[in-house]
Amino acid sequence: MANDADVIIVGAGLAGLVAATELADAGKRVIVVDQEAEQNLGGQAFWSLGGLFLVDTPEQRRLGIKDSHDLALQDWLGTAGFDREEDHWPRKWAEAYVAFAAGEKRGWLQAMGHRIFPVVGWAERGGYDAMGHGNSVPRFHITWGTGPGIVEPFERRAREHARTGRIVFKFRHRVDALDMTGGAATGVRGKILEPASESRGMKTSRIETGDFTLKAQAIIVASGGIGGNHDLVRANWPKRLGTPPKHMVSGVPAHVDGRMIGITEAAGARLINRDRMWHYVEGVHNWSPIWPGHGIRILPGPSSMWFDATGKRLPSPLYPGYDTLGQLEYIMKTGHDYSWFILTQAIIKKEFALSGSEQNPDLTGKSWRMTLRRAFNKGAPDPVEAFKAKGADFIVRDNLDELVAAMNKLSGANLLDITSIRQQIEARDREIDNPYVKDTQVMGIHNARRYLGDKLIRTAKPHKILDPAYGPLIAVKLNILTRKTLGGFETDLDSRVFGNDGQIIPGLYAVGEAAGFGGGGVHGYRALEGTFLGGCLFSGRNAGRAAAKAVL
């Protein structure tokens, strides 16, 4: 039988769209299948803040940031901690990706109309030595338009090709198996699901209305990770991060279930580093949820005081914005799966942002007028104030005694001792009287304010937490928020998948989160942030270009 297309792509997220457009640009016929409806085109990238890891950019240089390929690679390798035999290809991907981020990535996107917000963010600051984890300089470039702004150029290109018939989208087509012929991937089989009218991100039905079989010369798996499947997250949870959380909130919709990963593995693909994962510790329950268990991540500046469930301040350098997995490991080893921020109104106004396109209408809507209000408003951004007023995890009080009492009531555990909490806050507050201190968090605050971008919009003026002039006091109960899969299918630099025998499986490619964003784990154990979308872009581009050359 004749092939239905040259290439079939499983998944209509960002990585799948990038691969599809590269293939169509090369004159190939592409079918994109996805179990969700058309309104979910773009996948998880749509919901993101649109952050991109870029190196030595005009935006950095305008803010006085001195960056380089060598410094970025030093930071990446120090963060990744590659130490396994399986890290051969992930390391090669890391070296190639840093070169891409320091080279053509920005110009390639800009040529498609992509634009960047001028203030560069400083995520994952590390706080260890120069060869350890973290970004030595700010590198988090926010897309002007956030997640929708990064999806738009590829969606536009894909729809243009769809009008010519070069790309065909088959939504509500759930793949149940890969067809293998003579050891090569030659097609997919599955069920057609009933139409779904639910809004983007909402859970949809799995009622089957028919069968389908499609054949092609190559299959690209772009199906995403496992963050919506808490049982699978717990099954893969590494011992180094302590006991798996009993309670988690979901940073991704329910359809991010890892199902296609299991199907591809069953076909013989080699899955590596499945114990490497990326979950945030600053998750709060969305007061207006879209998907089941919907959580939002707080993107904190450096000033909030962080306490574990028993009321002990997290140790250096586990401060807000410094080391996500270090914080996760510490919190889970306390025997509890939550922690607390204590802060002031002055801090929440300047330092709290919420991850996600829907939580940043100013940046998502490309409104300079709304964005400038972040710097001059009396209150925090409107979405943050809404969470403060309506969020189940937020507590606002005028004095510390009442705040701690309310924290104990919310947790139901009565673990917090007001005397101990007060002593820790007062000790920190005494450090504020001098610009030179021994408290490393306060040192970090002073360091952040030497960077113009942080001083303008991300770091509050140093002040005492218990000074009523900066109040009221605010506590936030922080939950574990599922997000990204760092392991995946082992691939070479063309995104071709290896089998369990160590040989390339002809015709099979994997991209994005299904490939650990490249190679089966380009990030190693930890990520530098702004690297997830970039991994979708880079792996999707590599797969599309390689498959275009391989198919006849």
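Of the N and O atoms on the side chains of Glu513 and Thr485, at least one donor lies less than 3.5 Å from an acceptor on the other residue.
Aromatic pair His523/Phe532: centroids less than 6.0 angstrom apart. Between Trp93 and Phe517, a ring centre-to-centre spacing not shorter than 6.0 Å is recorded.
Heavy-atom neighbours of Lys203 NZ from other residues, nucleotides or ligands within 6.0 Å: at or below the threshold of 12.
Between Phe100 and Tyr97, the angle of the ring planes lies from 30° to 60°, which puts this pair in the tilted group.
The closest side-chain heavy-atom distance from Asp34 to Asn40 is not below 4.5 Å.
In this structure, Asn135 CG and Thr531 OG1 are separated by 9.0 Å, a value rounded to the nearest 0.5 Å.
The pair Arg297-Glu529 counts as a salt bridge, with a side-chain nitrogen and a carboxylate oxygen less than 4.0 angstrom apart. Arg541 has no carboxylate O lying under 4.0 Å from a charged side-chain N of Glu22, or vice versa, which leaves the two without a salt bridge. Between Asp492 and Arg496 there is a salt bridge, with a side-chain nitrogen of the basic residue lying less than 4.0 Å from a carboxylate oxygen of the acidic one.
Take Tyr330 and apply the ring pair (Phe, Tyr, Trp, His ring centres under 6.0 Å) test, not counting sequence neighbours, and it matches no residue.
Closest approach of Arg483 and His279 over heavy atoms only: N-ND1, 3.1 Å.
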Quiz item: Given the rule in the ring-ring contact (aromatic ring centres under 6.0 Å, His included) test, do Phe140 and Trp122 qualify, once you have shown the distances and angles that lead to the verdict?
Solution: CA-CA 6 Å; Phe140 190 82; Trp122 195 356; over 10 Å; no
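Residue Leu328 is tested with Leu318, Asp337, Val281 for a side chain to side chain contact (heavy atoms under 4.5 Å, CB included); the sole match is Val281.
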